[in-house]
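Source: prediction; values computed, not measured.
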Amino acid sequence: MGGKHEVFWDRLADCQCDLTLSSAPFSVPAMSPCNFTHTTFVLIGIPGLEEAHFWIGFPLLSVYAVAVFGNCLVVFIVRTEHSLHAPMYLFLCMLAAIDLALSTSTMPKILALFWFDSREITFDACMAQMFFIHALTATESTILLAMAFDRYVAICHPLHHAAVLNNMVTAQISMVAMARGFLFFIPLPLLIKRLAFCHSSVLSHSYCVHQDVMKLAYADTLPNVVYGLTAILLVMGVDALFISLSYFLIIQTVLQLPSKSERAKAFGTCVSHVVVVLAFCVPLIGLSVVHRFGNSLDPIVHVLMGDVCLLLPPVINPIICGVKTKQIRTRMLAMFKISCDKNFQAVGGK
């Protein structure tokens with residue numbers, strides 16, 4: 001009996017030791033819930049329409065082609081036409097270059113996903129894509145603010161416009177916009193790299209963004225949340241505030257003009273910029289609302305809102321510039337007319 005009691009007490013002591021170890025906060029490495037990091041993430045297309053992904057890729061290619069052609073055309077016209085070397089058109093040229101870079105940094109991978117089912121993206125490629133999306137979006141926001149300031153000076157202080165916004169100042173504003181966007185969002189990939197990912201590696205969009213990647217982390221993401229929110233408020237929030245202030249002062253000045261035709265002409269110079277700002281801000285606000293309050297919505301809503309937010313501005317902006325900006329529209333029509341005349345001459349010569 002003594003031997004049995006000794007064996008019993010030995011086993012009880014072993015059990016107590018095991019319970020103590022397993023309940024310890026920093027116990028055995030093998031029991032650690034997370035001890036590795038993903039080297040790849042998985043992108044998704046449109047949930048529920050996987051069978052149609054191949055055919056959906058063709059409209060996406062058309063959208064990308066329009067964005068590339070339209071923005072390249074705007075950049076080419078502004079660069080080659082010396083009469084358009086004014087702040088308003090130089091900012092439009094900068095905006096077109098940003099849209100071109102933004103669409104090119106995302107669309108090839110999205111098309112590969114839809115056409116070839118290439119869902120995986122490496123960690124480093126995801127970080128690079130995430131950085132360029134956020135940095136270029138912030139740069140575009142700053143350029144929109146610069147365009148609002150240009151309209152404010154042109155309408156409210158027309159006699160000082162040439163002195164305040166000369167070509168040197170315009171170039172400096174463009175450089176500050178680039179530096180501001182890139183410097184504010186360089187920390188995002190660094191903050192992501194410190195996190196561990198050990199559960200799902202499936203993202204909820206067709207591209208990489210900070211808030212989407214951050215949600216997959218098995219770690220404390222408070223620094224990411226705080227810095228991401230701070231960067232957005234200091235860039236997009238401040239820009240939106242000053243754009244609104246600029247247009248408040250513009251409206252106040254225009255309403256004081258004596259003639260109705262003068263008021264219509266002054267407002268007409270702002271229409272294209274207002275539409276560009278709305279095309280930039282409305283999808284962003286809609287996506288934020290869906291992310292914040294749309295947890296019960298179908299995942300397809302999140303995906304479509306994210307794609308619209310990314311793809312709409314690069315397509316809409318050159319169309320708005322071409323339709324609403326008389327000088328660029330005239331130059332575009334002249335280029336197409338020359339091209340058509342050359343084709344007719346070539347056909348006639350044969």
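Clustering of Ile, Leu, Val, Met, Phe, Trp and Tyr by side-chain heavy atoms under 4.5 Å joins M168 with none of the others.
Between S204 atom OG and D212 atom CG the span is 3.0 Å, to the nearest 0.5 Å. A distance of 10.0 Å separates CD of E81 from OG1 of T330, quoted to the nearest 0.5 Å. Note: D117 CG to F54 CZ = 12.5 Å, rounded to the nearest 0.5 Å. Note that CE of M94 is 11.5 Å distant from CG of L144, once rounded to the nearest 0.5 Å. The CD1 atom of I143 sits 6.0 Å away from the CZ atom of F91 when rounded to the nearest 0.5 Å. Atoms CG and OG, on L216 and S201 in that order, are 7.5 Å from each other to the nearest 0.5 Å.
Sorted pairs that involve residues 84-107 and meet salt bridge (Lys or Arg N to Asp or Glu O under 4.0 Å), not counting sequence neighbours, are lacking altogether. Sorted by first and then second residue, the disulfide (SG to SG under 2.5 Å) pairs with a member in residues 102-143 read C126-C208; sequence neighbours excluded. Identified under the ring pair (Phe, Tyr, Trp, His ring centres under 6.0 Å) test for residues 137-170, with sequence neighbours left out: Y152-H157. Contacts classified as ring pair (Phe, Tyr, Trp, His ring centres under 6.0 Å) and involving residues 258-278 (residues at least two apart or in different chains) are given here: Y247-H273.
Judged by distance alone, with hydrogens and angles left aside, the side-chain atoms of R119 form no donor-acceptor pair with the main-chain N or O of V42 at under 3.5 Å. Between the side chain of T40 and the main chain of I121, no donor-acceptor pair closer than 3.5 Å is present. Under the 3.5 Å distance criterion, the side-chain polar atoms of E50 are matched with a main-chain donor or acceptor of G48.
In this structure, W55 has its ring center no closer than 6.0 Å to that of F114.
By the disulfide bond (SG atoms under 2.5 Å apart) test, C93 pairs with no residue at all, sequence neighbours left out. By the salt bridge (Lys or Arg N to Asp or Glu O under 4.0 Å) test, R151 pairs with no residue at all, sequence neighbours left out. Scanning for side-chain hydrogen bond (donor to acceptor under 3.5 Å, both in side chains) contacts around N224 gives R194, H210, with sequence neighbours left out. Residues passing the side-chain hydrogen bond (donor to acceptor under 3.5 Å, both in side chains) test with H53: none are found, sequence neighbours excluded. Judged as a side-chain hydrogen bond (donor to acceptor under 3.5 Å, both in side chains), and not counting sequence neighbours, T80 has no contacts. Under the side chain to side chain contact (heavy atoms under 4.5 Å, CB included) criterion, L229 pairs with L233, sequence neighbours left out. Taking L136 as the reference, I98, A101, L102, F132, F182 meet the side chain to side chain contact (heavy atoms under 4.5 Å, CB included) condition, with sequence neighbours excluded.
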>> Walk me through whether I110 and H205 qualify under side chain to side chain contact (heavy atoms under 4.5 Å, CB included).
In response: CA-CA 10 Å; I110 293 176; H205 290 293; over 6 Å; no
>> As a quick check of understanding, evaluate side chain to side chain contact (heavy atoms under 4.5 Å, CB included) for I316 and F280, giving each step before the final call.
In response: CA-CA 9 Å; I316 291 294; F280 176 79; over 6 Å; no
> Between Q129 and Y207, does a side chain to side chain contact (heavy atoms under 4.5 Å, CB included) hold up when you go through it step by step?
Replying inline: CA-CA 8 Å; Q129 188 184 75; Y207 51 88; 3.4 Å; yes
> Which is it for S103 and N71 under the side chain to side chain contact (heavy atoms under 4.5 Å, CB included) test, yes or no, and what are the steps along the way?
Replying inline: CA-CA 10 Å; S103 57; N71 287 298; 5.6 Å; no
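Between P318 and L73 the shortest side-chain heavy-atom distance does not fall below 4.5 Å. Residues M236 and T137 have side chains in contact (heavy-atom distance under 4.5 Å, counting atoms from C-beta outward). Contact annotation: the side chain of D239 approaches that of R180 to within less than 4.5 Å [non-hydrogen atoms, C-beta and beyond]. Between L60 and L311 the shortest side-chain heavy-atom distance falls below 4.5 Å. Inter-residue side-chain proximity for L95 and N317 is flagged as met; some heavy-atom pair is nearer than 4.5 Å. You'll find the side chain of V164 stays beyond 4.5 Å of the side chain of V169, heavy atoms only. Considering only heavy atoms from C-beta on, H85 stays 4.5 Å or farther from Y89 through its side chain. Between V238 and L145 the shortest side-chain heavy-atom distance does not fall below 4.5 Å.
The two residues D220 and L195 have their closest heavy-atom pair at O-CD2, 3.7 Å.
Residue F76 places its CZ atom among 12 or fewer non-hydrogen atoms of other residues, nucleotides or ligands, all under 6.0 Å distant.
Taking the six-membered ring for Trp and thresholds of 30 and 60 degrees, F185 and H134 have nearly parallel ring planes, at less than 30 degrees apart.
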